[in-house]
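This report refers to the structure that appears directly beneath it.
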Amino acid sequence: MMDRVLTRDRIDGDPMTFDARRGTRGNRQPNGRLMRWVNSLMTRRVRRSGGRMMMGLNTLVLTTVGRRSGVERANPLSWFPGPDGSWLVVASANGAVDNPAWYYNLAAHPDRARIDVDGDTIEVTAEHLHGADREQAWQEITTTAPRFAQYQRKTDRQLPVIRLTRRS
């Protein structure tokens with residue numbers, strides 16, 4: 001079943017897939033009540049501040065639709081400028097063995113996401129970058145924020161880079 005969710009776009013015939021696999025080593029991914037409370041607190045803070053820099057990085061709130069529950073989930077994330085006004089985010093989970101839950105939500109519903117950034121709420125479509133597009137974006141991200149290269153060294157999975165584009 002997990003493969004079906006992860007390769008949803010391939011089933012539909014689209015060559016761009018959300019196909020990142022779980023690793024075999026990496027940090028423990030934080031979860032539970034404390035993490036939900038911290039995410040909720042940070043989400044409110046980002047929305048109030050309009051996404052001004054936190055810990056030296058631009059921040060947005062990504063709202064996805066749960067792949068199983070159908071319930072909206074909000075996560076504060078660092079973002080990087082992409083081509084043509086898009087936003088790049090990394091499914092790093094601090095170098096955890098598995099991808100964060102929001103990655104799987106985007107895989108199931110890439111066209112049902114929105115972001116809160118710079119005081120605006122914007123409907124977006126998500127695209128998992130591959131090949132040369134991913135490499136170029138990754139180079140820019142790790143130059144701007146070397147901590148993402150550290151996250152990559154902690155795990156053997158390739159950290160997904162996702163491009164969020166304004167939905168027309």
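All values reported here derive from a predicted model rather than from experimental measurement.
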Contact check, side chains of [X] and [Y], non-hydrogen atoms, under 4.5 Å:
X: Val161; Y: Phe80; result: no
X: Ile122; Y: Val117; result: yes
X: Tyr104; Y: Asp98; result: yes
X: Leu164; Y: Thr125; result: no
X: Gln158; Y: Arg134; result: yes
X: Val65; Y: Val71; result: no
X: Val61; Y: Thr63; result: yes

Judged by atom type as modelled, is there a donor-acceptor pair below 3.5 Å linking the side chain of [X] to the main-chain atoms of [Y]?
X: Thr155; Y: Arg25; value: yes
X: Arg73; Y: Trp102; value: no
X: Arg157; Y: Gln152; value: no
X: His130; Y: His128; value: yes
X: Arg167; Y: Ala113; value: yes
X: Asp156; Y: Thr24; value: yes
X: Glu127; Y: Thr165; value: no
X: Tyr103; Y: Ala20; value: yes

Of all the heavy-atom pairs spanning [X] and [Y], show the shortest one and how long it is.
X: Pro100; Y: Ala93; answer: CD-CB, 4.0 Å
X: Asp133; Y: Leu129; answer: O-CD1, 4.0 Å
X: Ala91; Y: Leu159; answer: O-CD2, 4.0 Å
X: Pro76; Y: Val46; answer: CB-CG2, 4.3 Å

* Scan side-chain atoms only and decide if Arg22 and Asn99 contain a donor-acceptor pair under the 3.5 Å cut-off. => no
I'd like to know whether [atom1] of [X] has more than 12 heavy-atom contacts from other residues, nucleotides or ligands below 6.0 angstrom.
X: Asp84; atom1: CG; answer: no
X: Arg166; atom1: CZ; answer: no
X: Glu135; atom1: CD; answer: yes

* Which class fits the ring pair Tyr151 and Phe148: parallel under 30°, tilted 30 to 60°, perpendicular over 60°? -> perpendicular
* To do: Output, in order, the C-alpha distance, side-chain angles, deciding distance and verdict of side chain to side chain contact (heavy atoms under 4.5 Å, CB included) for Leu88 and Ile162.
  => CA-CA 6 Å; Leu88 301 173; Ile162 311 298; over 6 Å; no
* Please step through salt bridge (Lys or Arg N to Asp or Glu O under 4.0 Å) for the pair Glu72 and Arg114, ending with a clear verdict. => CA-CA 10 Å; Glu72 287 192 345; Arg114 70 177 180 272; 2.9 Å; yes
Nearest 0.5 Å, please: how far is [atom2] in [Y] from [atom1] in [X]?
X: Asp116; Y: Leu62; atom1: CG; atom2: CG; answer: 9.5 Å
X: Ser40; Y: Arg45; atom1: OG; atom2: CZ; answer: 13.5 Å
X: Asn75; Y: Met42; atom1: CG; atom2: CE; answer: 12.0 Å
X: Asn58; Y: Thr144; atom1: CG; atom2: OG1; answer: 9.5 Å

* To do: Could you go through the side chain to side chain contact (heavy atoms under 4.5 Å, CB included) check for Trp79 and Leu57 one step at a time?
  => CA-CA 7 Å; Trp79 70 271; Leu57 296 172; over 6 Å; no
